[in-house]
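Throughout, protein chains are lettered first and strands after them, A, B, ... in sequence-line order, and every chain is numbered starting at 1.
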Amino acid sequence: MTSTISTHSGTPPLGGRLRRVLHRVDEIRLHVSRPALVWLFWIVILAAATLAMFSVQGRIEQAHVVLIYLLIVLGASASAGRALGFALAFVAFFLIDYLFQQPYYDFFNDKPLDFFVLVAFLTTAIVATQLLARAQEQAREARARAIEVTSLSQLASETLNVGRAEDALVKMVDVIQSTLGVASCTIWPWMPDRGFGESITRDGIDVRRRDPDTLVHRAAERGEPLSLAVNGALGAEAAAPGTRELFLPLGVKTGVVGVLVLSDDKPIVFNPPKQRFLAALTYYAALGIERAQLVREAEHAAALREADKMKDNLLASVSHDLRTPLTTIKALAQTAALRGDTAAAAIEEQADRLTRFVGDLLDLSRMKGDAFRAALDINTAEDLIGAAQRQAQGLLSEGRTIRTVVDLESPALVGRFDFTHALRIVGNLLENALRYTKPGGSVELGVRRDGDWLVFTVADRGPGIPATETDRIFEAFNRHADATPDVGRAGLGLSIARRLAEIQQGSLVYEPRPGGGSVFVLRLPAVDLEGA
Amino acid sequence: MDKAASILIIDDEPQIRSAVRNALREVADHIGEAATGAEGLNAAAAERPELVVLDLGLPDSAGVDVCRELRRLLASPIIVLSARHSEDEKVLLLNAGADDYVTKPFSVLELAARARAQLRRARTAAPATPAPITLHGLTVDPVTRRVDRDGRQIHLTPIEWQILSTLVSAGGRTLTHQQIFDAVWSRQFGSPQQYLRVHITNLRRKIENDPASPRIVITEPGVGYRADVMR
């Protein structure tokens with residue numbers, strides 16, 4: 001599929017205008033005035049001055065003669081260039097010697113002082129002519145540059161402000177092709193990880209994923225220009241002789257973003273201004289591609305944000321829809337229990353299990369969508385332990401207890417973590433530990449400082465976890481083979497707990513407990529407070 | 001305790017309204033219901049209930065807006081029913097004037113206990129000379145600023161006293177971290193505020209029997225703290 005975008009407006013096409021500019025630049029740069037009339041004019045002036053001075057021969061000082069000739073030479077070289085200046089300087093040199101130095105009508109007399117005057121005249125005339133010519137060339141160069149710069153800025157503003165980033169590239173191709181006068185011009189945008197997608201010509205964007213020439217690949221991957229000569233020879237330079245196809249990598253600061261391909265039936269020859277122009281054009285093309293890529297990335301990011309928002313809304317809605325019947329079931333079960341229904345407790349327990357399961361599933365889904373964030377605050381370990389213990393009160397049955405190991409003599413242990421997330425982890429670990437603790441047994445919940453870490457431990461005297469399983473217990477939906485079948489969990493708790501530890505820059509690991517049982521070790525960043 | 005004259009339940013789910021009604025049957029003589037925020041505000045203005053139970057997921061308006069409007073209309077306590085995952089929302093609501101929240105799915109016994117506590121607190125007008133309060137063996141005297149545990153005086157730093165008296169005088173209401181900051185540090189800015197949790201821990205070490213298992217100053221995770229003066 002090719003989408004065609006009009007690149008013409010009411011004003012003449014930019015490519016045509018730029019071609020005329022380049023032509024003008026060429027003219028300015030190569031300009032050397034040699035019109036016969038100017039030459040004739042200065043020859044006549046020289047002849048007239050010579051005649052006038054000859055009429056007063058003997059009464060005019062040699063210095064005056066030299067100065068008059070010098071003025072004529074400078075005037076001639078200013079208006080007609082270096083060649084006429086040199087020519088008149090030599091003619092004047094001989095005229096001075098022949099007509100105005102005694103003995104008259106004789107070349108190169110043997111008076112050294114007179115000869116010195118002649119040589120001084122010639123040297124001054126030639127040096128002055130040379131300096132004048134150079135100054136004039138520099139002025140011409142500056143004019144040409146000014147025109148080039150103006151044209152390029154015009155090109156930049158017209159192409160980059162054309163509207164959509166892709167339209168700018170189509171316009172750019174059109175400008176390059178018509179300005180440089182080549183038969184075809186194509187831009188292949190490229191990304192190192194995705195390769196080539198569409199191709200862009202003056203006719204529009206071809207979005208079919210057809211693979212470009214291998215030389216295009218090579219130019220993109222190596223970031224070096226390549227040229228293909230008429231005789232099939234491959235060159236490394238952009239303007240190798242006999243070039244009929246040119247592959248120019250388009251680079252920005254971050255690397256190559258595409259390749260510009262120029263081709264023609266006849267050899268492509270660029271003069272220096274065109275080469276400079278081409279360099280600028282390729283730079284603009286690279287910027288154009290980068291702009292298109294950035295726009296595309298921004299659109300993609302916006303779409304992702306929208307999808308995330310929809311997902312959040314969906315999760316909130318699902319959460320609400322599931323919790324409403326669960327709330328009703330739980331409330332009705334409790335009411336029934338108050339009236340003496342013995343089965344009501346079981347209904348409530350099942351409702352609670354389902355609530356946890358729904359919560360875990362929703363959390364896992366949010367985690368995969370990277371929707372979990374940590375609010376890292378200054379918190380104390382004691383506060384966390386106290387809250388976890390309070391939360392777990394409802395789980396203590398059949399004489400099971402939680403024994404806390406907290407040093408209350410030393411200053412409070414302080415860390416930077418998300419209190420709710422950390423409580424969720426410890427709560428989950430306590431719940432697991434209590435589940436595998438025999439009636440009358442206890443779970444140990446402790447905390448200590450270890451270097452830069454607060455180390456929370458939850459230890460039980462349950463069956464422990466076989467060495468072969470320890471790596472897998474943190475995987476979602478994993479429950480080890482010996483797990484009691486009716487525990488009613490989906491195996492998400494530890495997976496969620498570990499993820500919650502990681503987003504707080506902490507860690508959660510399992511260790512076998514000496515003497516039997518399990519120890520889960522949660523590490524969270526510790527903080528040293530001054531003046532608290 | 002006498003029953004409340006009336007309670008208003010604002011929730012769009014008939015089943016939840018029914019569950020809340022069952023839970024609060026023993027707490028009030030009359031229980032009104034509203035299914036939308038607008039209905040709820042009209043009912044609140046007309047009936048002047050002694051307590052409002054407000055669900056956040058209303059079809060016509062944001063829970064926080066309804067809460068703010070209710071607070072403008074009434075001085076009665078507002079208990080919010082919220083989903084578990086939205087601590088931020090709880091904080092927003094408490095800052096907007098809610099007095100307490102109950103997380104779904106909630107226990108009817110807990111809801112009833114909280115409703116009673118809120119009603120008790122609302123009915124107990126602040127006396128001209130506040131009397132000492134005793135909770136779990138701790139006596140707090142707001143006039144003499146004296147704190148005793150089991151007959152022994154405890155020395156608190158000025159900040160610890162401010163925190164304790166703020167929590168105790170809130171009558172068991174959960175105060176958000178921000179509300180405690182505002183009450184204790186008023187217009188001070190800077191680092192002391194971030195140490196609220198450290199001050200609470202130090203305070204607990206002085207006033208609790210078992211600081212690792214506190215019973216007086218209770219943490220409401222992600223939201224704030226409350227003093228356990230409800231029961």
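For A:Asp452, the CG atom is loosely surrounded, since the number of other residues' heavy atoms within 6.0 Å does not exceed 12.
Heavy atoms of A:Leu338 lying under 4.5 Å from chain B belong exclusively to its side chain. No part of B:Arg215 comes within reach of chain A, as not one of its non-hydrogen atoms sits under 4.5 angstrom from that chain. With a 4.5 Å cut-off on non-hydrogen atoms, B:Ser107 touches chain A through its backbone and its side chain both. Looking at B:Leu111, there are no atoms closer than 4.5 Å to chain A (heavy atoms on both sides), in backbone or side chain. Interface remark: B:Ala212 contributes backbone and side-chain atoms alike to the contact with chain A (heavy atom separation under 4.5 Å). Only the backbone of A:Pro411 comes within contact range of chain B, judged by heavy atoms closer than 4.5 Å. Residue A:Leu408 touches chain B through both its backbone and its side chain, counting heavy-atom pairs closer than 4.5 Å.
When each of B:Leu109, B:Asp210, B:Ile200, B:Ile218 is scored by its heavy-atom pairs under 4.5 Å with chain A, the top score falls to B:Ile218. Between chain A and the options B:Pro221, B:Ala19, B:Gly222, the largest number of non-hydrogen pairs under 4.5 Å is found for B:Pro221.
Side-chain atoms of B:Gln15 do not come within 3.5 Å of backbone N or O of A:Thr328 as any donor-acceptor pair.
Close approach to chain B, defined as a heavy atom under 4.5 Å from one of its heavy atoms, is seen in A:Asp377, A:Ile378, A:Asn379, A:Thr380, A:Glu382, A:Asp383, A:Ile385, A:Gly386, A:Ala387, A:Gln389 of residues 374-389 of chain A, taken by number.
Side chains of A:Leu332 and B:Asn22 form a contact here, defined as non-hydrogen atoms less than 4.5 Å apart.
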